[in-house]
Amino acid sequence: MPLLTDNSNLIFDLVTLAAMKVMRLLSSLKHDESERGIFHLGRALVKNGHTSIIVSSADEENDLVKRLKRDGNHYHQLHMNKKSWLSLLRVNALRHLIEKYDPDVIHLHSRTPAWILHLALRRARLKRMPKLVSTMYGFYPINKYSQALLDVDVMITVSDSVTNYLKKGLRREDAGPKVIKRIYRGVDTRRYPYRHNPSVYWLRHTFAEYPELEHKKWLVFPTVIGNEYGQEWLIDILGNLQEQFPNIHVIIMDDDYRDGDVVHEDFRQRTNTLGLAERITYVGSKRNDMREWLSAANIVMALANEPESIGINALQAIHLGTPVIGWDQAAFSEILQPLYPQGLVKEYNAKALCKAVRNQLESVTRPEMTTKFTMREMIEATLEVYQSLYDTSLAEEQAAQDAAAVKRINKSLKRVAKSIPESTYVKIDPIDSHTKIKLSKEKPKPKPETPSQPELESEPTTLDSDALRSDALRSDALRSDALRSDASSAKAADDTVSNNNPP
């Protein structure tokens, strides 16, 4: 399939048979755009002649909303906040939007919009019901709240680990979607090119803001501090390797202080007690220069304690050519195994982790360039799901029309048959079941011989048709001669009478 590109974004030119209308429902647009691909997917739909409708709670002044509208997407603001009963007040508003656009496919990106959609479709006046698609971005609990997200035609999972988790959680066959399709999240390779180098301006600005980072080996922890993210393993790495690598330094993408966060405060106290605070820098979580930090890092750490469903930061680092070290589990395993197996830590302990970091710092081996896990693959696979559902919907509609046509024809034939009078017929009584008919031909019984004269004992004369014809002609000739003679006699008698009686 041809790939069209402009100066900033990817555009996918997929040849489709007919234009379709796709509506996507989201709680908000604050999530990582690289995981959901809202912008790229909307642009691909519009460029291929389809109609893209996006419903979310984001304000019209949001930068992403402006980009979506600029590229031809229809955007509507509808507050569908997560786990909020007030979101149920948006059922009528969503029903009006669905009746207005009559979408062929509706894509659900979270559970609250899924519930609102199912309620809105109950009384919607539509020509045909839309096909439903949902995406499961994480290890959601399989409960009543998630049921609306499962009650769809196709469910997209973001990794094999999520797919396996979903299948194990579905105890009944009718509890889940009709089809489960795994589509990995992809990286925009134009924004994250291989061996990208930060600009000199960015490096000077960074060293001016964080002078302790200059001439250091960066271990970037690309997430915030939390129980499930594994920041405590950084203490083991620094404590065991700081003597061998005195210039080792950890960079955490989180704020240096969060009021009331027990986990954050506990980590800060432990690092201060062990004298490791000077080797850690907090650069904040709300940054738009993640690409530069990932490309400038010596190692990107993927240390989540809980199974990761996407691992988008590790995937971006791989595409940039930066080494990644992470646990051999869930999404990290699915990413690193085919792209950078040297970074997998198979044993879940500090010794194995420190050994992997030491080996990488001693002999740098970078990931090779890859065409896997790209945004293009993700968009193409998603559009194929849309197209297959659209084709199925058209086929079902055509089948319904054909069935209705056959029903009308049968009804017309019955009406015509009733209008025709019944024809007269001879009733034939059925043969009695006890009556037996013998179909074999029997030879006639021979007649008893009678005595006769010897002269009569002759062979029977064979009747010849020619002889009979000649006999008939002879009889007719004799009859004609007789009539003529009678006529002559009568004439002679008349002449005699006339002569005896003169006038």
Nearest heavy-atom neighbours spanning [X] and [Y]:
| X | Y | result |
| --- | --- | --- |
| L149 | S134 | O-OG, 2.8 Å |
| S110 | S27 | OG-OG, 2.8 Å |
| A302 | V324 | CB-CG1, 4.3 Å |
| A297 | V220 | CB-CG2, 3.2 Å |
| L108 | A114 | CD1-CB, 3.7 Å |
| I142 | G169 | CG2-O, 3.7 Å |

Just by modelled atom types, is the [Y] backbone N or O under 3.5 Å from a matching donor or acceptor in the [X] side chain?
| X | Y | value |
| --- | --- | --- |
| D254 | I225 | yes |
| H50 | M20 | yes |
| T392 | S388 | yes |
| T163 | T157 | no |
| E99 | L126 | no |
| Q401 | E396 | no |
| D104 | Y390 | no |

What's the separation between atom [atom1] in [X] and atom [atom2] in [Y], rounded to the nearest 0.5 Å?
| X | Y | atom1 | atom2 | result |
| --- | --- | --- | --- | --- |
| L94 | L88 | CG | CG | 12.0 Å |
| N349 | C354 | CG | SG | 9.0 Å |
| T370 | Y340 | OG1 | OH | 14.5 Å |
| Y229 | I252 | OH | CD1 | 13.5 Å |

Could you list all the salt bridge (charged side-chain N to carboxylate O under 4.0 Å, His left out) pairs where at least one residue sits in [range], not counting sequence neighbours?
| range | result |
| --- | --- |
| residues 327-342 | D328-K346 |
| residues 152-164 | D153-K178, D160-R182 |
| residues 52-61 | E60-K69, E61-K66 |
| residues 365-374 | none |

Regarding R258 and D261, does a basic nitrogen lie under 4.0 Å from an acidic carboxylate oxygen?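 Looking at R258 and D261, the cut-off is met.
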**Report entry** Presence of salt bridge, R376 and E380, under 4.0 angstrom
**Finding:** yes
* How would you list, by chain and number, every residue that makes a ring-ring contact (aromatic ring centres under 6.0 Å, His included) with Y75, sequence neighbours excluded? ->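 Y75 satisfies ring-ring contact (aromatic ring centres under 6.0 Å, His included) with no residue once adjacent residues are dropped.
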Subject >> Partners meeting ring-ring contact (aromatic ring centres under 6.0 Å, His included) with Y282 (sequence neighbours left out) >> reply: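 Counting only residues at least two positions away or on another chain, Y282 forms a ring-ring contact (aromatic ring centres under 6.0 Å, His included) with H264.
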Test item: [X] and [Y] side chains (from C-beta on) under 4.5 Å apart, heavy atoms:
| X | Y | result |
| --- | --- | --- |
| M155 | K181 | no |
| V55 | L26 | no |
| V158 | S309 | yes |
| R291 | Q316 | no |
| S159 | I310 | no |
| L339 | P367 | no |
| V283 | D255 | no |
| L68 | F39 | yes |

Please determine if R111 forms a cation-pi arrangement with Y140, meaning its NZ or CZ atom is less than 6.0 Å from the six-membered ring centre and no more than 45° off the ring axis. yes
Apply the test side chain to side chain contact (heavy atoms under 4.5 Å, CB included) to residues V133 and I106: give CA-CA distance (whole Å), side-chain angles for both, the deciding distance (0.1 Å), then the verdict. CA-CA 6 Å; V133 185; I106 298 180; over 6 Å; no
Practice prompt. For side chain to side chain contact (heavy atoms under 4.5 Å, CB included), just list the numbers for E265 and V262, CA-CA rounded to whole Å, side-chain angles, deciding distance to a tenth of an Å, and then say yes or no.
Written response: CA-CA 5 Å; E265 183 63 25; V262 178; 5.8 Å; no
Return the set of residues passing side-chain hydrogen bond (donor to acceptor under 3.5 Å, both in side chains) with [X] (not counting sequence neighbours), or none when no residue passes.
| X | answer |
| --- | --- |
| Y386 | H107 |
| T112 | Y145 |
| E397 | R128 |
| T382 | none |

| request: Take H74 and Y101 through the ring pair (Phe, Tyr, Trp, His ring centres under 6.0 Å) test and state the conclusion after the steps. | output: CA-CA 10 Å; H74 300 274; Y101 288 103; 5.7 Å; yes
Exercise. Passes side chain to side chain contact (heavy atoms under 4.5 Å, CB included), Q360 versus V364? Steps please.
Worked result: CA-CA 5 Å; Q360 180 59 41; V364 179; 3.6 Å; yes
- Sort and list the pairs that fulfil side-chain hydrogen bond (donor to acceptor under 3.5 Å, both in side chains) and have at least one residue in residues 114-127, not counting sequence neighbours.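 Not a single pair qualifies under side-chain hydrogen bond (donor to acceptor under 3.5 Å, both in side chains).
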**OP:** Let me see the working for M301 and L303 under side chain to side chain contact (heavy atoms under 4.5 Å, CB included), right down to the final yes or no.
**Re:** CA-CA 6 Å; M301 309 304 300; L303 305 177; 4.0 Å; yes
Would you tabulate the side-chain donor-acceptor contacts of residues 195-204 under 3.5 Å, counting partners in other chains and residues two or more places apart, or write 'none'?
from	atom 1	to	atom 2	distance (Å)
H196	NE2	E292	OE2	3.1
S199	OG	W202	N	3.2
W202	NE1	D289	OD2	2.9

- Name the orientation class of the two ring planes belonging to W218 and F207 (parallel below 30°, tilted from 30 to 60°, perpendicular beyond 60°).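 Perpendicular.
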For this session: Please say which of L336, V345, N359 ends up in a side chain to side chain contact (heavy atoms under 4.5 Å, CB included) with I325.
Result: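 For I325, the side chain to side chain contact (heavy atoms under 4.5 Å, CB included) check succeeds only for V345.
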query: So, do W233 and F221 have ring centers that fall under 6.0 Å from each other?
result: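 So the answer is no for these two rings.
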